[in-house]
Amino acid sequence: MRPLAEHQISDSEFGEYLFLRDNPKGVFLERWRHQSGCRRWFNIVRDTYSHEIIETYAMGATPKSKAGKAAYQQSWRRKTAAEAAAKPGKGNR
Amino acid sequence: MAGASIDRGIKAVTGKQKRYSVFSLAKNASSYHQNWQQAWRHAEPKPEYDAVIIGGGGHGLATAYYLASVHNMTNIAVIEKGWLGGGNTGRNTTIIRSNYLWDESAAIYEHALKLWEGLAQDLNFNIMFSQRGVLTIAHSEHELKEMSRRVHAIRLNGIDSEVLGPDEIAKFVPCINMDQSIRYPVMGGFLQQRGGTARHDAVAWGYARAADDMGVDIIQNCEVTGLKRSGRRITGIQTTKGFIKTRKVGCVVAGHSSLLAEMAGIHLPIASRPLQALVSEPIKPVLDTVIMSNAVHMYISQSDKGEMVLGAGVDKYNSYAQRGSFPVPEHMIAAAVELFPFLSRLRMLRHWGGIVDTCPDASPIISKTDIDGLYFNCGWGTGGFKATPGSGHVFADLIAQDRPNAIAAPYALSRFETGLLIDEHGAAGVAH
Ligand SMILES: Cc1cc2nc3c(=O)[nH]c(=O)nc-3n(C[C@H](O)[C@H](O)[C@H](O)COP(=O)(O)OP(=O)(O)OC[C@H]3O[C@@H](n4cnc5c(N)ncnc54)[C@H](O)[C@@H]3O)c2cc1C
């Protein structure tokens with residue numbers, strides 16, 4: 001999620017949000033767009049080694065499958081300053 | 001790009017290895033080629049090294065070679081989980097050139113090209129380096145204008161580059177379709193005559209043999225499973241053949257870089273994607289140069305065996321499966337057949353994918369990390385084969401001195417904090 005309070009985080013924390021990637025071998029959370037069809041964006045939980053599609057879910061939702069939930073919760077991004085600054089609240093618009 | 005002369009580290013292959021020569025060829029022919037010496041030892045890991053290179057692709061082996069030959073660090077090892085060159089080194093379409101737009105790129109790719117020129121002699125190994133020229137073609141007026149702008153920038157960096165008009169192209173590449181009514185007509189192009197190809201496996205083998213000759217341990221079938229550190233310093237690596245103590249670790253694992261980095265709690269700006277290529281059945285010589293097209297994303301050359309070697313663009317999704325999707329080669333083949341109609345009669349023999357380490361600015365990472373003694377060389381993505389000697393040369397320097405030289409400095413990880421990106425998307429000519 002884009003940090004709302006950009007001014008509250010450092011260049012390095014913003015760089016981390018903008019450039020650094022989750023790039024696992026295994027369960028991966030990603031965003032796809034149905035380009036030649038309904039053109040809608042959606043989320044997907046996919047295995048980057050077996051290419052198995054584990055789950056799809058709507059924009060704004062979080063994964064429901066066991067593998068998807070674990071990947072979501074364990075991602076290092078959950079603990080970054082950028083992610084904290086993305087939550088609406090004190091100082092954030 | 002004039003500068004100090006390069007220390008090429010030419011002191012290899014004088015030790016235990018017998019030199020390859022026309023005499024050794026004749027001598028071994030007389031014993032039915034049964035008595036050739038082993039090109040490198042099957043080393044088992046020692047408990048401790050001064051430095052360890054993870055990844056036995058071209059870049060890792062070149063790094064080890066220059067560490068030993070230029071920096072006299074011979075108590076080192078290369079750790080490879082599979083076989084030498086079995087990653088992207090042995091899967092690429094071997095296009096070599098240095099005609100990049102930005103100064104930082106020109107510096108490193110030209111450094112590499114200078115090393116390619118004469119590398120076979122340095123290593124006493126025939127790497128089949130062939131400066132057959134690389135011609136990038138334009139399919140629109142705009143592309144042609146953009147090309148001439150680029151040619152001038154490249155020449156200002158002292159790198160050979162010239163614009164060719166349609167007549168010159170028709171003469172240079174007789175088998176290309178110059179019909180102006182096709183979907184992507186050839187309207188011109190730019191040529192780097194010093195560019196070309198090399199035999200990919202031979203590059204890995206040549207570096208391995210020369211490094212081994214200086215005492216470097218090359219350990220295959222050994223996967224690194226953990227990086228050990230004490231505080232902010234690296235102290236060793238965990239492998240499937242046990243723990244190895246060392247205070248310097250260079251990671252050169254291409255598409256697997258993020259996995260190695262995570263072992264040390266570091267996140268990289270890298271996405272691992274499939275990149276595909278295919279070769280046809282061998283035919284008589286028809287194409288004696290390399291052709292690439294940015295707009296249709298196709299590149300083609302003919303190997304010395306006579307196979308047509310074709311490469312495409314990168315697949316758009318992350319994967320570690322070393323195979324790609326069908327639409328990408330389909331699109332590329334359609335473009336190739338239009339430009340070279342005779343291709344439609346050829347059977348394709350092999351088709352494969354490699355996992356490439358793509359970076360947001362399409363430039364590599366050659367960098368120290370926050371952990372003392374841990375270095376990364378990655379992010380070469382779809383186009384790192386051409387850089388192999390230069391990449392190994394500057395990375396060895398970084399590991400030995402613990403500070404980047406002028407060529408490597410712009411490629412530090414810190415650029416993703418400062419925003420000083422080296423944006424080679426599009427500017428590069430094509431993805432390769
Ligand atoms: C289809 C294709 C076409 C290409 N065409 C071109 C081209 O025409 N021109 C060009 O310049 N570039 C091209 N490239 C890119 C080029 O191949 C790469 O940039 C370059 O070869 C990377 O070399 P490397 O030594 O860094 O990586 P690799 O050769 O991939 O070596 C990395 C090694 O690390 C090993 N490894 C990984 N994880 C571990 C671990 N945990 N422990 C131990 N070892 C490990 C792997 O097994 C592998 O052998 C192409 C790539 C592909 C896939």
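This one's a predicted model, so the numbers in the text were calculated from it and none came from an experiment. Letters go in sequence order (proteins before strands), and every chain restarts at 1.
- Both the backbone and the side chain of A:Phe19 come within less than 4.5 Å of a heavy atom in chain B.
- For chain A, no part of B:Ile266 is nearby; none of its heavy atoms comes within less than 4.5 Å.
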Any donor-acceptor pairs between chain B and chain A, under 3.5 Å? If so, list them.
{"unit_1": "A:Arg21", "atom_1": "N", "unit_2": "B:Leu268", "atom_2": "O", "d": "3.0"}
{"unit_1": "A:Asn23", "atom_1": "O", "unit_2": "B:Tyr320", "atom_2": "OH", "d": "2.6"}
{"unit_1": "A:Asn23", "atom_1": "OD1", "unit_2": "B:Ser272", "atom_2": "N", "d": "3.1"}
{"unit_1": "A:Asn23", "atom_1": "OD1", "unit_2": "B:Asn318", "atom_2": "ND2", "d": "3.2"}
{"unit_1": "A:Asn23", "atom_1": "ND2", "unit_2": "B:Ser258", "atom_2": "OG", "d": "2.8"}
{"unit_1": "A:Asn23", "atom_1": "ND2", "unit_2": "B:Ile270", "atom_2": "O", "d": "3.2"}
{"unit_1": "A:Asn23", "atom_1": "ND2", "unit_2": "B:Ser272", "atom_2": "OG", "d": "2.9"}
{"unit_1": "A:Asn23", "atom_1": "ND2", "unit_2": "B:Tyr320", "atom_2": "OH", "d": "3.4"}
{"unit_1": "A:Arg46", "atom_1": "NH1", "unit_2": "B:Asn318", "atom_2": "O", "d": "3.4"}
{"unit_1": "A:Arg46", "atom_1": "NH2", "unit_2": "B:Asn318", "atom_2": "O", "d": "2.6"}
{"unit_1": "A:Thr48", "atom_1": "O", "unit_2": "B:Tyr320", "atom_2": "N", "d": "2.8"}
{"unit_1": "A:His51", "atom_1": "NE2", "unit_2": "B:Ser319", "atom_2": "OG", "d": "2.7"}
{"unit_1": "A:Trp76", "atom_1": "NE1", "unit_2": "B:His267", "atom_2": "ND1", "d": "3.3"}

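- Of all the listed residues (B:Ile270, B:Leu259, B:Ile355), the one sharing the greatest number of non-hydrogen pairs under 4.5 Å with chain A is B:Ile270.
- Only the backbone of B:Leu268 comes within contact range of chain A, with heavy atoms under 4.5 Å apart.
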